[in-house]
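Within every chain, numbering begins at 1; the chains are lettered A, B, ... in the order of the sequence lines, protein sequences first and strands thereafter.
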Amino acid sequence: MEQFLKDPSIYTLARGPLVWIAFLVFFVGIFYRIWEVVKLAKKERIIYPYLSLKYTLRSITHWLIPYASISMRRHPWFTIITFVFHICLIFTPIFLLAHIELWYESWKIRWWSLPQSIADVMTLTVILCAILLLIRRVIQPDVRFLSTKGDYFALIITVLPFITGFLAHYELLLDYKIMLLIHFISGEIMLILIPFTRLSHMFLFWLIRAHTGSEFGAVRRSRDY
Amino acid sequence: MFGKISFNRKQVTDIGIDKTLETISQEDIKKAIERVLKKEASARLKVFVETCMRCGMCTNSCHHYLGHEGDPTYAPAAKVKQTIWDILSKKGNVSKEDIKKYARIAFTECNLCRRCVQFCPFGIDIAYLISLVRRICCLIGVVPQYIYDQVLSHMQTTNMLWFRQDEWLDTIQWLEDELRTEIKNGKIPVGKKDAEVLYLAHGLEAKYMTGLLINMAKIMNVAKIDWTVPDTDGWDYTVKALYAQDLETIGKVIRTHYETALRLNVKRIVIGECGHAFRTAIYEGVRYLGWKEPPIPYIHGVQFFYELIRDGKIKIAKKIKEPVTIQDPCNIVRYRGMGKMLRYIVRELCENIVEMTPKDDHNYCCSAGGGMIDAGPPWKSARIEGGKVKAEQIRDTGAKIVIAPCHTCHKGIEDLNDYYKLGVHVKFLLDIIVEVMEIPEEMRA
Ligand code: SF4
Ligand code: SF4
Ligand code: SF4
């Protein structure tokens, strides 16, 4: 196994073609899933006639601003944890210097990057939040009752690239190259799985909020937040 | 803390569920599931099921969960897990025992009040998913007997209590006589063409609650409204088929209402204080019939009274002094934002208003709606238990009167009042308006 992981061709594969395949599957997958839902929604007849841009935006804003909904105010801790978790989850990989350098190597493009110390804090925050979410899933009875293997799996898949990335950077636990390889592969798995697992809430969120926001605002004249 | 969570319920017998299950075949179940989950439902079902992150944000929004000391099987998403997710994971191969459990959850543990939707970060419409479960049960014929009987009545007579057309006309006649003992020359015009308003009544107003119809007639006469009631079937605005998710009967009833209005060429339809009828007439019904909006305005009692008071058509002689509180019926507040109008009316009628918390469109459902009261005596304790928060909310206000502008809330809260000994009177707006409005001397009999 160790021999296999140290094989330079595996490394090149994970650093090269697999990254592109992962991104391709990620984008095409998302596009396909949205297209599929949009097409299905036509069949339902009652979705499109009632859509309203104003109330879609009202709905989305109230759910993107911390504590702008009654539900978030009722769940102060969960809200702060999930907000911090999502913000760090999305921004750290995009603005991480090491990632940008890879983009530069391949495509000669670069953009603003996070100072390493902040990136580290954000990475550790993702890991910490994931642990808290995991604990919550296990000990809070209503959430545990709802949870299936897929939910634990989704959480682990999400946090694995962060753990391995951090360990690789500081050359902890395993040999740098091996850890980096695991990091690449876990990141690629995550990207590939987003469109096809519960992680698809990343883009389905906007679609449902458009429907529910419009129903509540334009038709029911009440709040959905 | 890590114990197994399971679905534990007291045994309840309902012949509409238990007896029907004895007569149906596995094939019937399969067919109904296929039809509802594969043909009728599509995007919403798929997206709602896939997106739910099992986060539990919706859990404590539901009065049933709160009424059962945090039993996780009563949480909104848990009800979906134990029904829709279960059907999907079994690929439609479910047993009769399963159907029995689904029916119990869908008909007697959810009021379709949609409060949980307001609490879900994704806006997943749990009430819609639960109504799909009801739809499946309905197609198999597994529906609480008390609901089913009313639906059958609607199918045949368009009203909820097997009333024949001539019984309706007789009733109106003697009610008009009765009205004239109080209002000089009081009239209940029947089948009058070109009137301003077509008034539809609650089924019970023709039999057990005739006082309400008389009170409405008083208001119409005092406010000098050009009004009429139907001279044909279709006078009853209730649509109990909504509870069973019998879409075909919903369509039939709502079509009859609008056709009656168009035949009589009235300007608008006005109904009394009823939540589900209003909601069906402006949502489920019109959508089923393929219209985006009602073909002519369909006005709820709250809107109607609001206009009458705002425009000075009725004058208030004295205000109620005792502390009152307001029940916001989900079907007109969360479903149609009438909270402000309702409060305007109550402020005009009463001096001392003590609000419940939360209120308006965040209010808790009374636990009687969405068919739970119509499921009848076998399921009474289910709604009493689910109504615990509502009872506490009311008790906390210290009010002596609860104004409930919805037939179902009204009866539901009366039952909560008895059980939890709240010591309140539950009233319709109509009762209070008639109590406090000015009746000009020359109109008095
Ligand atoms: S009763 Fe209301 S809050 Fe509870 S699950 Fe049903 S729709 Fe949601
Ligand atoms: S709040 Fe929404 S996403 Fe969370 S468990 Fe409830 S239905 Fe699922
Ligand atoms: S009975 Fe009243 S509170 Fe209860 S569901 Fe209907 S409208 Fe809502």
Side-chain angles (χ1 to χ4, degrees), chain A residues 33 36-47 49-50 59-60 63 69-72 74-75 78-79 82 133 136-148 150-151 154 196-201 204-213 215-217 219-225, chain B residues 1-3 5-6 40-48 50-61 65 70-75 77-78 80-82 85 89 114 116-125 279 282-283 287-288 290 292 330 333-339 358 360-362:
Chain A
R33 292 293 318 280
E36 178 191 44
V37 171
V38 164
K39 208 179 57 172
L40 272 183
K42 253 195 210 120
K43 240 183 81 189
E44 288 223 27
R45 290 197 314 185
I46 60 134
I47 308 281
Y50 300 97
S59 176
I60 289 174
W63 284 94
S69 72
I70 177 172
S71 187
M72 291 194 253
R74 286 288 154 80
H75 304 97
F78 183 60
T79 301
T82 48
L133 292 176
R136 176 177 184 273
R137 212 173 258 303
V138 178
I139 67 169
Q140 194 171 306
D142 60 316
V143 184
R144 178 158 49 92
F145 183 61
L146 293 174
S147 301
T148 55
D151 300 289
F196 310 105
T197 57
R198 212 150 293 135
L199 300 178
S200 56
H201 73 275
L204 292 177
F205 166 86
W206 313 90
L207 303 187
I208 306 186
R209 285 250 76 99
H211 163 68
T212 300
E215 276 284 301
F216 268 83
V219 185
R220 297 188 193 136
R221 299 170 197 173
S222 60
R223 291 169 288 179
D224 62 330
Y225 48 86
Chain B
M1 183 160 67
F2 296 102
I5 298 159
S6 54
E40 295 182 353
S42 64
R44 279 181 291 170
L45 169 66
K46 189 173 165 61
V47 175
F48 291 159
E50 282 176 21
T51 310
C52 174
M53 287 304 288
R54 286 85 157 133
C55 68
M57 290 272 271
C58 55
T59 302
N60 49 13
S61 66
Y65 175 79
D71 177 345
T73 60
Y74 282 95
V80 180
K81 172 193 159 91
Q82 297 169 99
W85 299 354
S89 76
R114 286 197 155 93
C116 49
V117 185
Q118 297 176 308
F119 279 71
C120 172
F122 301 97
I124 291 172
D125 192 344
R279 160 183 161 190
I282 63 162
Y283 293 110
R287 289 179 178 194
Y288 175 78
K292 187 177 171 196
C330 331
V333 177
R334 199 164 6 255
Y335 276 82
R336 204 56 165 183
M338 286 187 204
D360 213 335
D361 52 353
H362 284 150

Would you mind checking which part of B/Val80 comes under 4.5 Å of any heavy atom in chain A, side chain (CB onward), backbone (N, CA, C, O), both or neither? neither
Looking at A/Leu207, A/Thr212, A/Ile70, which makes the most heavy-atom pairs under 4.5 Å with chain B? A/Ile70
What part of B/Asn60 gets within 4.5 angstrom of chain A, counting heavy atoms only: side chain, backbone, both, or neither? side chain
For B/Thr59, all residues meeting side chain to side chain donor-acceptor pair (under 3.5 Å), sequence neighbours excluded: A/Asp142
Measure A/Val38 against the heavy atoms of chain B and call it side chain, backbone, both or neither at under 4.5 Å. neither
Tell me, do B/Val117 and A/Phe216 make a side-chain contact under 4.5 Å, heavy atoms counted? yes
One option among B/Gly56, B/Gly339, B/Ser42 has the most heavy-atom pairs under 4.5 Å with chain A, and it is B/Ser42
Quickly, which of B/Arg334, B/Arg336, B/Arg114, B/Arg287 forms a salt bridge (charged side-chain N to carboxylate O under 4.0 Å, His left out) with A/Glu215? Name it, please. B/Arg287
Restricting to non-hydrogen atoms, name the atom on B/Val47 and the atom on B/Thr51 that form the minimum distance, rounded to 0.1 Å. O-OG1, 2.6 Å
Side chain, backbone, both or neither: which part of B/Cys55 has a non-hydrogen atom closer than 4.5 Å to chain A? both
Side chain / backbone / both / neither for B/Ile282 at chain A, heavy atoms under 4.5 Å: neither
Tell me which of these, B/Gly337, B/Ala43, B/Ala41, B/Ala75, has more heavy-atom pairs under 4.5 Å with chain A than the rest. B/Ala43
B/Cys58 and B/Phe119: which non-hydrogen atoms are nearest, and at how many Å? CA-CB, 4.1 Å
Any B/Arg54 side-chain heavy atom under 4.5 Å of B/Lys81 side chain: no
Okay, B/Tyr74 and chain A: the region with an atom under 4.5 Å from a heavy atom over there is neither
Measure A/Glu36 against the heavy atoms of chain B and call it side chain, backbone, both or neither at under 4.5 Å. side chain
Using the rule given for side-chain contact (heavy atoms from CB on, under 4.5 Å), can you reason through A/Tyr225 versus A/Met72, listing the C-alpha separation, both sets of side-chain angles and the distance that settles it, and then say yes or no? CA-CA 9 Å; A/Tyr225 48 86; A/Met72 291 194 253; over 6 Å; no
Proximal component of A/Asp224, with respect to chain B [non-hydrogen, under 4.5 Å]: backbone
Under a 4.5 Å heavy-atom cut-off, does chain A meet the side chain of B/Arg279, its backbone, both or neither? neither
Heavy-atom distance under 4.5 Å to chain B: side chain of A/Arg223, backbone, both or neither? both
Minimum-distance pair of heavy atoms, taken over all atoms of B/Trp85 and A/Leu146: CZ3-O, 4.0 Å
Out of B/Cys120, B/Gly290, B/Pro358, B/Ala77, return the one with the most heavy atom pairs under 4.5 angstrom to chain A. B/Cys120
Tell me, for A/Leu199 versus chain B, whether the close heavy atoms (under 4.5 Å) come from the side chain, the backbone, both or neither. neither
Counting only heavy atoms closer than 4.5 Å, note whether A/Phe205 contacts chain B via side chain, backbone, both or neither. both
Nearest heavy-atom neighbours spanning B/Glu50 and A/Arg198: O-CG, 3.5 Å
Among A/Arg74, A/Lys39, A/Arg137, A/Lys42, which residue has the highest count of heavy-atom pairs closer than 4.5 Å to chain B? A/Arg137
Between B/Asp125 and A/Arg220, what is the shortest heavy-atom contact and its length? OD2-NH2, 4.3 Å
Given that the side chain runs from C-beta out, which part of B/Ser61 has a heavy atom under 4.5 Å from chain A: side chain, backbone, both or neither? neither
Verify, without hydrogens or angle tests, whether A/Arg144 (side chain) and A/Val138 (backbone) share a donor-acceptor contact under 3.5 angstrom. yes
Who passes ring pair (Phe, Tyr, Trp, His ring centres under 6.0 Å) against A/His201, sequence neighbours left out? B/Phe122
Given heavy-atom pairs under 4.5 angstrom as the criterion, report whether the side chain, backbone, both or neither of B/Glu40 touches chain A. neither
